[in-house]
Amino acid sequence: MAAALATCDMAAVLEGVRTARGWSQGDLARAAGYSQSWVSRVINGQQSLTVDQIQDVAGRLGVPLHLLRFGGAPSGEGPAVFGAGGTKGVDLTRRRDFGRAVAAGALLTVGGPSGAEEQSAVDESTAPALRTITSGQRRMDASSSARHLLPGAAAHVHLSEQMLVNAHGTPFRTDLSAAASEASGFVAWLHADQGATETARTHYRNAVVRARQARIRLLDVYMLGSLAAFEIEVAQDPELGLALVHEAEHVLGRSAHPTARAWLSCTGALAYAGVGDRAAAARAVRRAGQEVDRPGNTDPPWPWVFAFDHAKVAGTRAKVEVRLHRPEEARKAFEEAHARRPASAKQSALLQVELASAHVDAGEVEEAFRLVDEALSTGLRFDSRRLVARVRSFRRAYHGPGARCVREFDRRMQALVRGTAAG
């Protein structure tokens with residue numbers, strides 16, 4: 001079954017579900033919402049499925065989408081189809097993790113035709129398997145569309161919560177609370193990227209609750225800080241974000257890992273800049289730099305996936321200077337951040353919009369609109385509604401002269417509204 005999931009061999013997946021549940025093909029067809037003849041053709045390799053059909057069938061049968069390794073169709077080849085044997089070119093390096101997740105009960109939570117559910121057994125390997133999947137999804141975010149990641153990530157949250165329910169009365173509940181917290185935090189990030197602010201906030205809050213249940217200080221701080229960053233940068237409520245930063249600092253204590261302290265200081269710096277406290281923002285950025293230089297700041301501690309270094313501190317300093325309307329300082333910090341280590345495409349584009357604001361403050365309109373035009377292309381390429389919304393917000397805030405670059409950008413935005421803009 002792990003191999004079938006890893007290659008998206010839907011014939012083997014459906015037959016495996018049918019056998020595990022002791023169903024007839026008719027039972028399987030009723031649970032999947034399709035005719036028995038259709039199910040028979042799929043199992044016998046005579047019927048291919050589109051991505052939409054896979055998502056539909058997986059949702060009805062309770063097969064978590066994150067376990068199915070499929071991607072979009074190659075350009076110009078029409079909708080992707082899958083049947084017996086799965087899809088070509090699939091990455092099989094994660095089969096062991098798929099196997100662990102299946103062993104943890106991913107498929108056994110499928111409800112029968114009557115809607116009844118059976119509880120899956122959990123053991124010491126369940127939480128690590130769930131965390132491995134979340135970590136992989138988070139790494140993919142740098143180069144993938146949130147819209148493509150969301151179905152699998154949402155299914156993974158459902159799976160994690162179900163495993164947590166199944167762990168009632170066992171010694172594994174604490175670890176599973178941590179796994180559920182991580183899964184909720186990541187799906188919150190994806191919803192924020194897609195512009196679903198309230199849904200994102202709900203998942204962030206659930207992530208904080210689960211982290212508290214796990215009684216892991218660093219995870220508690222990570223989720224509180226993530227919620228704070230969301231309120232500061234997405235919901236644009238720096239006062240609330242600052243209150244959450246203070247709460248996280250209280251939980252963190254003074255002897256935490258340098259990565260955690262540097263990251264939280266940078267989040268606080270953005271909040272201070274948002275409320276106009278220049279001195280406090282500068283102190284927070286300096287403190288972050290000092291933490292990065294502390295001995296022991298090598299590999300990031302869980303749940304951090306990426307290292308926090310001087311490049312990220314410089315990126316934060318640049319955003320702080322933009323918010324404080326100091327264009328020359330902002331540009332220097334942006335150059336330092338990019339020279340040290342370029343960010344991912346989406347993060348670079350968000351920084352470009354910030355830098356464009358600094359260029360406007362300096363009277364450099366042409367360069368500002370060149371940057372936001374590039375950022376818009378990145379937002380369209382990754383289908384990032386958050387990034388496109390940030391570009392639109394920049395344009396609404398611009399009240400300068402109507403130069404040629406501004407008119408050309410406006411024409412592109414109008415074409416986007418009409419649905420004819422190219423990415």
Show the numbers, then the answer: is there a side-chain contact (heavy atoms from CB on, under 4.5 Å) between Trp189 and Ser226? CA-CA 9 Å; Trp189 166 264; Ser226 296; over 6 Å; no
Using the side-chain contact (heavy atoms from CB on, under 4.5 Å) rule, take Phe409 and Val406 through it: C-alpha gap first, then chi angles, then the decisive distance, then the call. CA-CA 5 Å; Phe409 182 80; Val406 178; 5.7 Å; no
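- Side-chain N or O atoms of Ser145 include one that pairs as donor or acceptor with a backbone N or O of Phe382 at under 3.5 Å.
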Chi angles and distances behind the side chain to side chain donor-acceptor pair (under 3.5 Å) call for Arg210, Gln213: CA-CA 5 Å; Arg210 294 300 185 213; Gln213 292 172 346; 2.8 Å; yes
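- Tyr272 places a side-chain heavy atom less than 4.5 Å from the side chain of Leu242.
- With hydrogens and angles disregarded, no donor-acceptor distance shorter than 3.5 Å links the side chain of Ser177 to the backbone of Ala214.
- Counting non-hydrogen atoms of neighbouring residues, nucleotides and ligands closer than 6.0 angstrom, the CZ atom of Arg215 reaches no more than 12 such neighbours.
- Remark: side-chain polar atoms of Arg407 are paired, donor with acceptor, to backbone N or O of Gly402 under 3.5 angstrom.
- For the pair Ala228 and Leu244, the tightest heavy-atom approach, listed with the atom from each and the gap, is CB-CB, 3.7 Å.
- Rounding to the nearest 0.5 Å places CG of Leu224 at 9.5 Å from CG of Leu219.
- Side-chain atoms of Ser144 never come within 3.5 Å of backbone atoms of Asp141 as a donor-acceptor pair (strictly under, hydrogens ignored).
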Could you go through Glu198 and Arg201, starting from their C-alpha distance and side-chain angles, then the distance that decides it, and tell me whether this counts as salt bridge (charged side-chain N to carboxylate O under 4.0 Å, His left out)? CA-CA 5 Å; Glu198 286 305 319; Arg201 183 178 286 113; 2.7 Å; yes
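- Using a 4.5 Å heavy-atom cutoff, the side chains of Gln137 and Glu182 are not in contact.
- Gln194 places a side-chain N or O within donor-acceptor distance of the main-chain N or O of Asp383, the cut-off being under 3.5 Å.
- The main-chain N or O of Ala273 is never found under 3.5 Å from a side-chain atom of Arg278 such that the two would form a donor-acceptor pair.
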Derivation of the side-chain contact (heavy atoms from CB on, under 4.5 Å) call for Glu233 and Arg386: CA-CA 10 Å; Glu233 297 208 77; Arg386 174 190 177 191; 4.1 Å; yes
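- At distances below 3.5 Å, at least one donor-acceptor pair connects side-chain atoms of Thr170 with backbone N or O atoms of Ala167.
- Rounding to the nearest 0.5 angstrom, the gap separating the CG atom in Leu190 from the OG1 atom in Thr199 is 12.0 Å.
- Leu324 has its side chain out of reach of Glu329: every pair of non-hydrogen atoms, C-beta onward, lies at least 4.5 Å apart.
- Using a 4.5 Å cut-off on side-chain heavy atoms (C-beta onward), Glu354 and Arg323 make contact.
- Distance alone, capped at 3.5 Å, places no donor-acceptor pair between the Arg412 side chain and the Leu376 backbone.
- Two rings, from Tyr222 and Trp263, have their centers less than 6.0 Å apart.
- In Glu366, the CD atom is not crowded: 12 or fewer heavy atoms of neighbouring residues, nucleotides or ligands sit closer than 6.0 Å.
- The pair Asp410-Arg395 meets the salt-bridge criterion, with a side-chain N (NZ, NE, NH1 or NH2) lying under 4.0 Å from an Asp/Glu carboxylate O.
- The CH2 atom of Trp304 lies 14.0 Å from the OG atom of Ser135; values are rounded to the nearest 0.5 Å.
- Arg370 has a carboxylate O that lies under 4.0 Å from a charged side-chain N of Glu374, or vice versa, which qualifies the two as a salt bridge.
- For the pair Arg217 (side chain) and Val251 (backbone), a donor-acceptor distance under 3.5 Å is present.
- Counting only heavy atoms from C-beta outward, the side chains of Val360 and Glu364 never approach each other to under 4.5 Å.
- Here the shortest heavy-atom pairing between Ile232 and Ala271 reads CD1-CB, 3.5 Å.
- Taken to the nearest 0.5 Å, the CG atom of Asp361 stands 6.0 Å off from the NE2 atom of His325.
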Going through the distances and angles, do His359 and Val365 end up as a side-chain contact (heavy atoms from CB on, under 4.5 Å)? CA-CA 7 Å; His359 280 289; Val365 175; over 6 Å; no
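- Checked options Val372, Leu350, Leu371; the residue passing with Leu355 is Leu371 (criterion: side chain to side chain contact (heavy atoms under 4.5 Å, CB included)).
- Between Leu176 and Ser160 the shortest side-chain heavy-atom distance does not fall below 4.5 Å.
- Salt bridge Glu249/Arg261: absent, no basic N to carboxylate O contact under 4.0 Å.
- Of all heavy-atom pairs spanning Glu231 and Ala235, the tightest one is OE1-CB, 3.3 Å.
- To the nearest 0.5 angstrom, Leu28 atom CG is 6.0 Å from Leu61 atom CG.
- Side-chain contact between Thr378 and Arg381 is present, with at least one heavy-atom pair separated by less than 4.5 Å.
- With hydrogens and angles disregarded, no donor-acceptor distance shorter than 3.5 Å links the side chain of Arg317 to the backbone of Val285.
- No side-chain heavy atom of Ser184 sits under 4.5 Å from any side-chain heavy atom of Tyr204.
- Across all non-hydrogen atoms, the minimal contact from Ala314 to Ala333 is O-CB, 3.6 Å.
- Minimum interatomic distance between Val322 and Ala358 (heavy atoms only, all atoms of both residues): CG2-CB, 4.0 Å.
- Each of His203, Arg138, His156 was checked for a side chain to side chain contact (heavy atoms under 4.5 Å, CB included) with Phe186, and the lone residue meeting it is Arg138.
- Using the six-membered ring where Trp is involved, Phe369 and Tyr398 have ring planes that are perpendicular, over 60° apart on the 30 and 60° scheme.
- Separating the CZ atom in Arg205 from the OG1 atom in Thr202 is a distance of 6.5 Å, to the nearest 0.5 Å.
- Minimum interatomic distance between Ala256 and Leu252 (heavy atoms only, all atoms of both residues): CB-CD1, 3.2 Å.
- Remark: Asp193 does not engage Arg385 in a salt bridge, criterion side-chain N to carboxylate O under 4.0 Å.
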